[in-house]
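Reviewing the structure listed below.
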Amino acid sequence: MRSIRAAAVGAVTLSLALTATACGGGSSTGGGSNDAPKTLTYWASNQGASVAVDKQVLQPELDKFQKQTGIKVKLEVVPWPDLLNRILTATTSGQGPDVLNIGNSWSASLQASGALLPWDAKNFDKIGGKSRFVPSALASTGVQGKDPAAVPLYALAYALYYNKKIFADAGISQPPATWDELIADGKKIKARGSSPLGAEGSNVSENIHHIFVFAKQRGVDFFTADGKPNFTDPKVVDAVKAYVDLMAKDQVIPTGDAEYAQNQSVSDFAKGRQAMLLWQSASANLASQGMKGSEYGVAPVPVRSGTPGPGTQINSMAAGINIAVFRNTHNLDGATRFVKFMTSDDEQKILNKAYSSIPAVTSAQNDPAFNTPANTVLKNTLATSAAALPQVSAESQFETTVGTAVKDLFADAAAGRAVTTASVRAALQKAQQQMPAA
């Protein structure tokens, strides 16, 4: 999921364990009809700097699809704070779009609702097969062992963006490769009067993305193998504390960032007010705010020691956007053709260039546009050191409860209240108690 906006967290406390019958028509192996073969409705997520920018990017492509197929696509770009609410309302009413974008971390939760068309082998064959897609992106499409609820559309990964001038002024010759190096560099930068590292402390999804990585680097997951919350495991507690300690103890994240939730840390970095930023595929966002590509460098997110890779060297969640078909679509064939169009090599190149994301289709990544230094870091991360967030039906509640717990811990740090192992454990225990029964 791209976190350029605050996540839609108000709705995730609604029941996501909806049955397929609660969502209206359709069968367990498909659904939908072809009652309206000449039109489609499409809810697109807000990927650009504004809704208006998204319309400028998408409408020419939708016109192209109409010219090729005779099917008119009615576009609505839905801002991130509204998207999940809108989807959940549609799942309960049965009145949704034909095709929609979802944050990939929602895949398992929405899969459990039964509202989305399952992408079985037959459906995947209609769009060229599963093998076309980046494995880490495909892993974020639903619970392992079940037919995916969606198809990867835009692939994203986290990287460390750093201001070259601030680093040079502080006598730092290369970006930090470990967290200890980042903290040491941050103290040098702070000593020269600059703010070291930006964060979005009030954005619950951003919090989840980072503590997921911190936990992976400690060899632990937030859920057990059978899908039960594991929030109070000592290694999980240590992971959450280590992330919050970047503000509370190490003081490399400024206390003001505890209130950030709406892209402010990106703006601070773009304006030269902060030296480092951990963000998903930020180049287009930075350019839209006037920052030149020559002013910053891009490096892998730090690890505890060594180099990024699998296992305890994971340094990014497999971020991105998936495209799904609403099960009650009245143009099932057209919706499938539209997904095939949007995931074609040509469209993958056009759209991912526009959004500075990485094609979710492996062959489209060969385009020279995706071989820039920044994109090379992102592609390597997706290929070797990114992992999917927990693909469990309660993933959305996990983002809400644990992400909010981290938000509150940042608020404590900003207010000068002690963030201790005991206080972190208590916050995570409270979050675990708020989770639905497995």
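Hydrogens, waters and symmetry mates are skipped; everything else that's a heavy atom, side chains included, is used. In this text the structure is predicted, and so the values were computed from the model without any measurement.
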Closest non-hydrogen contact found for P308 with V303 is CA-CG1, 4.0 Å

On a heavy-atom basis, which atom in A319 and which in Q280 lie closest, and how many Å separate them?
CB-OE1, 3.4 Å

Counting C-beta onward and ignoring hydrogens, is there a side-chain heavy-atom pair between N331 and T39 closer than 4.5 Å?
no

Strictly by modelled atom types, are D35 and S33 linked by a side-chain donor-acceptor pair under 3.5 Å?
yes

Criterion side-chain contact (heavy atoms from CB on, under 4.5 Å) against N46, the qualifying member of V53, D54, L83, N101:
D54

State, with a plain yes or no, whether a side-chain heavy atom of T329 is found less than 4.5 Å away from one of L117.
no

Would you say NZ of K72 has more than 12 non-hydrogen atoms from neighbouring residues, nucleotides or ligands within 6.0 angstrom?
no

Other residues, nucleotides, ligands: >12 heavy atoms within 6.0 Å of Q144 CD:
no

Determine whether the aromatic ring centres of residues W43 and W80 are separated by less than 6.0 angstrom.
no

Heavy atoms only: give me the nearest A318-N104 pair and the separation to one decimal.
O-ND2, 2.8 Å

Under 3.5 Å, is there a donor on one side chain and an acceptor on the other for E395 and S109?
no

Rounded to the nearest 0.5 Å, how far does OG of S385 lie from OH of Y158?
14.0 Å

If you define the side chain from C-beta out and look only at heavy atoms, does anything of L278 sit under 4.5 Å from H210?
yes

Are any side-chain N or O atoms of Q274 and backbone N or O atoms of D268, one a donor and one an acceptor, separated by less than 3.5 Å?
no

Donor-acceptor pairs under 3.5 Å, side chain of residues 286-301 to any protein atom, not counting sequence neighbours: which ones?
| from | atom 1 | to | atom 2 | distance (Å) |
| --- | --- | --- | --- | --- |
| S288 | OG | N285 | O | 2.6 |
| Q289 | OE1 | S267 | OG | 2.7 |
| Q289 | NE2 | N285 | OD1 | 3.0 |
| E295 | OE1 | K292 | N | 2.9 |
| Y296 | OH | S283 | OG | 3.4 |

Closest heavy-atom pair and its distance - S357, Y154:
OG-CB, 3.9 Å

Pairing donors with acceptors under 3.5 angstrom, does anything connect the side chains of N230 and T224?
no

In terms of relative ring orientation, are F167 and Y162 parallel, tilted or perpendicular, with 30° and 60° separating the classes?
tilted

Could you tell me which non-hydrogen atom of P37 sits nearest to which non-hydrogen atom of I71, and how far apart they are?
O-CG1, 3.6 Å

Take L100 and E76 through the test side chain to side chain contact (heavy atoms under 4.5 Å, CB included) and record every step on the way to the result.
CA-CA 10 Å; L100 65 157; E76 182 178 358; over 6 Å; no

Check step by step if salt bridge (charged side-chain N to carboxylate O under 4.0 Å, His left out) holds for D245 and K241.
CA-CA 6 Å; D245 271 349; K241 186 175 186 298; 2.7 Å; yes

For the side chain of S356 and the backbone of N352, is there at least one donor-acceptor N/O pair under 3.5 Å apart?
no

Say you draw a straight line from OG1 of T362 to CG of L382; how long is it, rounded to the nearest 0.5 Å?
10.0 Å

Close side-chain approach of W279 to L160, heavy-atom, < 4.5 Å:
no

Tell me whether the count of non-hydrogen atoms from other residues, nucleotides or ligands lying under 6.0 Å of NZ in K74 goes above 12.
no

Using ring centroids (six-membered ring only for Trp), state whether Y42 and F65 fall under 6.0 Å.
no

Does some side-chain heavy atom of F410 sit less than 4.5 Å from a side-chain heavy atom of S202?
no

Main-chain N/O of V151 paired to T141 side chain as donor or acceptor, under 3.5 Å:
no

Looking at E61, is its backbone amide N or carbonyl O close enough to the side chain of E347 to form a donor-acceptor pair, meaning the two atoms are under 3.5 Å apart?
no

To the closest 0.5 Å, what do you measure between CG (L75) and CG (L58)?
5.5 Å

Is it the case that over 12 heavy atoms from other parts of the model lie below 6.0 angstrom from the NZ atom of K353?
yes

What do the steps show when you test V424 against L409 for side chain to side chain contact (heavy atoms under 4.5 Å, CB included), and what is the final call?
CA-CA 7 Å; V424 173; L409 290 166; 4.1 Å; yes

Looking only at side-chain N and O atoms, does N322 offer a donor or acceptor that is under 3.5 Å from a partner on S107?
yes

Looking at K164, I want to see if its NZ is surrounded by more than 12 non-hydrogen atoms of other residues, nucleotides or ligands under 6.0 Å.
yes

Distance col, row S113:OG vs L88:CG, nearest 0.5 angstrom, shows 7.5 Å

Any side-chain to backbone donor/acceptor pair from N366 onto S363? Under 3.5 Å, distance only.
yes

Answer yes or no: is there a side-chain heavy-atom contact under 4.5 Å between I321 and Q47?
yes

Quick one: does Q348's side chain have a donor or acceptor within less than 3.5 Å of a partner on L153's backbone?
yes

Can you tell me if Q391 uses its side chain to pair, donor with acceptor, with the backbone of A388 under 3.5 Å?
no

Any donor-acceptor pair under 3.5 Å linking the side chain of N123 with the backbone of P118?
yes

Give a yes-or-no answer on whether the side chains of N203 and K407 include a donor-acceptor pair shorter than 3.5 Å.
no

Any non-hydrogen side-chain atom of L389 less than 4.5 Å from a side-chain atom of H209?
yes

I'd like to know if the side chain of D98 pairs up with that of T41 as donor and acceptor (distance under 3.5 Å, no hydrogens or angles considered).
yes

Would you call the rings of F398 and F231 parallel, tilted or perpendicular, taking 30° and 60° as the class edges?
tilted

Is any side-chain heavy atom of F338 less than 4.5 Å from a side-chain heavy atom of I127?
no

Please check if any side-chain donor atom of Q59 sits under 3.5 Å from a side-chain acceptor atom of D63, or the reverse.
yes

Hey, are Q111 and D147 close enough side-chain-wise for a donor-acceptor pair under 3.5 Å?
no

Within 6.0 Å of CD in E259, more than 12 heavy atoms from elsewhere
no

Looking only at heavy atoms, the pair that brings A354 and V57 closest together is CB-CG1, 3.8 Å

Without swapping roles, check the side chain of D250 against the backbone of I183 for a donor-acceptor pair under 3.5 Å.
no

Name each donor-acceptor pair under 3.5 Å that joins a side chain in residues 212-221 to protein atoms two or more places apart or in another chain, with its distance.
| from | atom 1 | to | atom 2 | distance (Å) |
| --- | --- | --- | --- | --- |
| K216 | NZ | D221 | OD1 | 2.8 |
| Q217 | OE1 | W179 | NE1 | 3.0 |
| Q217 | NE2 | P302 | O | 3.1 |
| Q217 | NE2 | I314 | O | 2.9 |
| R218 | NE | D238 | OD2 | 2.6 |
| R218 | NH1 | F214 | O | 3.0 |

If we ignore hydrogens and angles and just use 3.5 Å, is the side chain of R132 paired with the main-chain N or O of T343 as donor and acceptor?
yes

May I ask you to check whether D346 and S344 show a side-chain donor-acceptor distance below 3.5 Å?
no

Would you check if there is a donor-acceptor pair between the side chains of T232 and Q429 at a distance under 3.5 Å?
no

For E399 and S205, run side chain to side chain donor-acceptor pair (under 3.5 Å): C-alpha distance rounded to whole Å, both residues' side-chain angles, the deciding distance at 0.1 Å, then the answer.
CA-CA 6 Å; E399 288 198 24; S205 291; 2.8 Å; yes

